[in-house]
Amino acid sequence: MTKSSTPAMPSLRADQAVQRGPAVRFMADGCTVDAFEGESVAAALFAAGQRELRRSPRDNAPRGMFCLMGSCQECLVWVGGRKLPACQVPAAAGLEIESLDYREQRLG
Ligand code: FES
């Protein structure tokens with residue numbers, strides 16, 4: 001193998017030149033979630049280890065983030081009495097999120 005003269009690829013890590021909002025906490029299904037203000041609720045939940053956001057009504061399959069632009073509706077959650085895509089809701093201090101299943105169980 002010959003040595004390549006191609007320059008090294010720049011790092012693609014998102015930890016450089018990233019400006020984050022201040023650290024905030026919100027509630028999701030009764031648990032505290034640490035986030036950065038302004039990042040999406042979906043991103044904050046993913047970073048906290050939450051991969052499943054709801055279950056498919058047809059076959060009960062786990063559903064999570066997919067398009068991240070508000071189109072697929074796979075990440076629907078309850079926020080302030082409205083069903084919204086978690087990928088389109090900015091994280092903010094004091095926000096209260098409920099998954100569809102959690103709310104259904106809570107309300108009976
Ligand atoms: S991931 Fe598709 S609407 Fe949120």
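Numbering of residues begins at 1 and proceeds along the displayed sequence. Counting starts at 1 for both ligands and their atoms, following the listed order.
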(request) Indicate if L68 and F36 have the same hydrophobic cluster label, given that clusters are the connected sets of ILVMFWY residues with side-chain heavy-atom separations under 4.5 angstrom. (result) no
Which atoms of ligand 1 have any heavy atom of [X] under 4.0 Å away?
| X | answer |
| --- | --- |
| Q73 | 2 (Fe), 3 (S) |
| L68 | 1 (S), 2 (Fe) |
| F66 | 1 (S) |
| G70 | 3 (S) |
| C87 | 1 (S), 3 (S), 4 (Fe) |

(request) Measure the spacing between OG of S99 and CZ of R54 and express it to the nearest 0.5 Å. (result)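 Nearest 0.5 Å value for the OG-CZ distance: 11.0 Å.
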(message) For the CZ atom of F46 and the CZ atom of R51, what is their distance to the nearest 0.5 Å?
(response) 3.5 Å
(message) Looking only at protein heavy atoms, which one is nearest to atom 2 (Fe) of ligand 1, and what is the separation?
(response) C72 SG, 2.2 Å
(message) Closer than 3.5 angstrom, by distance alone: can the side chain of Q19 be matched with the main-chain N or O of G21 as a donor-acceptor pair?
(response) no
(request) Evaluate the criterion side chain to side chain contact (heavy atoms under 4.5 Å, CB included) for residue pair L53 and L45; output intermediate values, then yes/no. (result) CA-CA 9 Å; L53 297 175; L45 291 171; 3.7 Å; yes
(message) Does only the side chain of S71 get under 4.0 Å from ligand 1, or the backbone, or both, or neither? Count heavy atoms.
(response)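 It is the backbone that touches ligand 1; the side chain stays farther off.
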(request) Could you confirm whether C75 has any N/O/S atom lying under 2.8 Å from atom 2 (Fe) of ligand 1? (result)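 Short answer: no, not a single N, O or S atom is under the cut-off.
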(message) So that I can tick it off, tell me whether D34 and R25 are bridged by a salt bridge, with the cut-off set at under 4.0 angstrom between side-chain N and carboxylate O.
(response) yes
